[in-house]
Amino acid sequence: SQKIEQNSEALNIQEGKTATLTCNYTNYSPAYLQWYRQDPGRGPVFLLLIRENEKEKRKERLKVTFDTTLKQSLFHITASQPADSATYLCALDITDSWGKLQFGAGTQVVVTP
Amino acid sequence: EAQVTQNPRYLITVTGKKLTVTCSQNMNHEYMSWYRQDPGLGLRQIYYSMNVEVTDKGDVPEGYKVSRKEKRNFPLILESPSPNQTSLYFCASSFGRADSPLHFGNGTRLTVT
C-alpha cells in the first residue's frame, strides 16, 4: 500500500526565512499531489495542487515541486510570517479510480518574529 | 457562503449508544468523504461517496456506516461506539474530479467513555 512520509518534527523558522517541507511517498505514483494547511481545531484548507507532469507550481509566497523520479514533493514558504504558523499536510490519490485520497501526518511550522 | 457544515462540534457519549454526525454541503459537490484524525496518525479516510447512493470504504471503515440519500448530506453513523472511536472527525466534499480540491468542515470532536 502507499505510504506517505512527512517530517514529524516541528519546523521552527525565523520570520522572513524560507520554510521547506518534504513529502515522500512509496510505490504508486499519483497523478496529482495536493497541499493543505491546518490550524489547531480546524479543518484543513486547500493550498495548491500539482500534476505529475508539472515540475513546479507557485501561488503568492508558496511554491511546490513534484519529482516523480524521487517520489517526492517539496513545499516552500518564502518570506515566512508568524501567520504562516500551522500544520501543513500533503495528500495524494492512491488508486487509479479517484476517491481514496490519502494524507500524510503533516509537518508543523512555527514562525517566530 | 460556500461551506461544509458538521454537527455537532463536540460530542461526549457512552459505549454502545448509537450516534449520528451530520454533514451538509451547499456547493453542489458530487464527492463527499469522512476522515478521522488522531495524533501521530494524521487523517485517515473512513468512507467516501462519489455521488448519491454510491458509497465505498476508505482505509478505516470498521465500526462506521454512511448513507448518501441526497447530494448535499452525508451522515456518519456509529451504531455501537467504542472508546477507540474517540477522535476528531472531518467531513469533506469536492466536485469529484481527481484535480478538485477538498473542502473540509470544522470537525466534530467525539469522546466515547
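Proteins get letters first, then strands, A, B, ... in listed order; numbering begins at 1 in each.
- Interface residue A/Gln38: only side-chain heavy atoms are found under 4.5 Å from chain B.
- Within a 6.0 Å radius of CZ in A/Arg61, other residues, nucleotides and ligands contribute more than 12 heavy atoms.
- Note that the CD atom of A/Gln102 and the CG atom of B/Asp59 stand 5.5 Å from one another [nearest 0.5 Å].
- Under a hydrophobic clustering in which Ile, Leu, Val, Met, Phe, Trp and Tyr are joined whenever their side-chain heavy atoms come within less than 4.5 Å, directly or via other members, B/Tyr64 and A/Phe103 fall into different clusters.
- In the displayed structure, A/Glu9 atom CD is contacted under 6.0 Å by at most 12 heavy atoms of other residues, nucleotides or ligands.
- Of all the heavy atoms in A/Ala105 and B/Gly40, the pair that sits closest is CB-O, 4.3 Å.
- Under the 4.5 Å side-chain heavy-atom criterion for grouping Ile, Leu, Val, Met, Phe, Trp and Tyr, A/Leu21 is connected to A/Ile13 within one hydrophobic cluster.
- Residue B/Gln6: no heavy atom, backbone or side chain, is found under 4.5 Å from chain A.
- Of the listed residues B/Ala92, B/Gly42, B/Pro101, the one with more heavy-atom pairs under 4.5 angstrom with chain A than any other is B/Pro101.
- Scanning all heavy atoms of the two residues, the minimum distance from B/Leu43 to A/Pro44 falls at CD1-CG, 3.8 Å.
- A continuous path of Ile, Leu, Val, Met, Phe, Trp and Tyr side chains, each step under 4.5 Å between heavy atoms, connects A/Leu33 with A/Leu62, placing both in one hydrophobic cluster.
- Counting non-hydrogen atoms of other residues, nucleotides and ligands closer than 6.0 Å to CD1 of B/Ile12 gives a total of 12 or fewer.
- When the side chains of ILVMFWY residues are joined at heavy-atom separations under 4.5 Å, either directly or via intervening members, B/Val4 and B/Phe90 end up in two distinct hydrophobic clusters.
- There is no contact between B/Arg44 and chain A, counting heavy-atom distances below 4.5 Å.
- Heavy-atom minimum distance, B/Leu102 versus A/Gln34: N-OE1, 4.2 Å.
- Contacts of A/Leu89 with chain B are made by side-chain atoms alone, with heavy-atom separations under 4.5 Å and no backbone atom involved.
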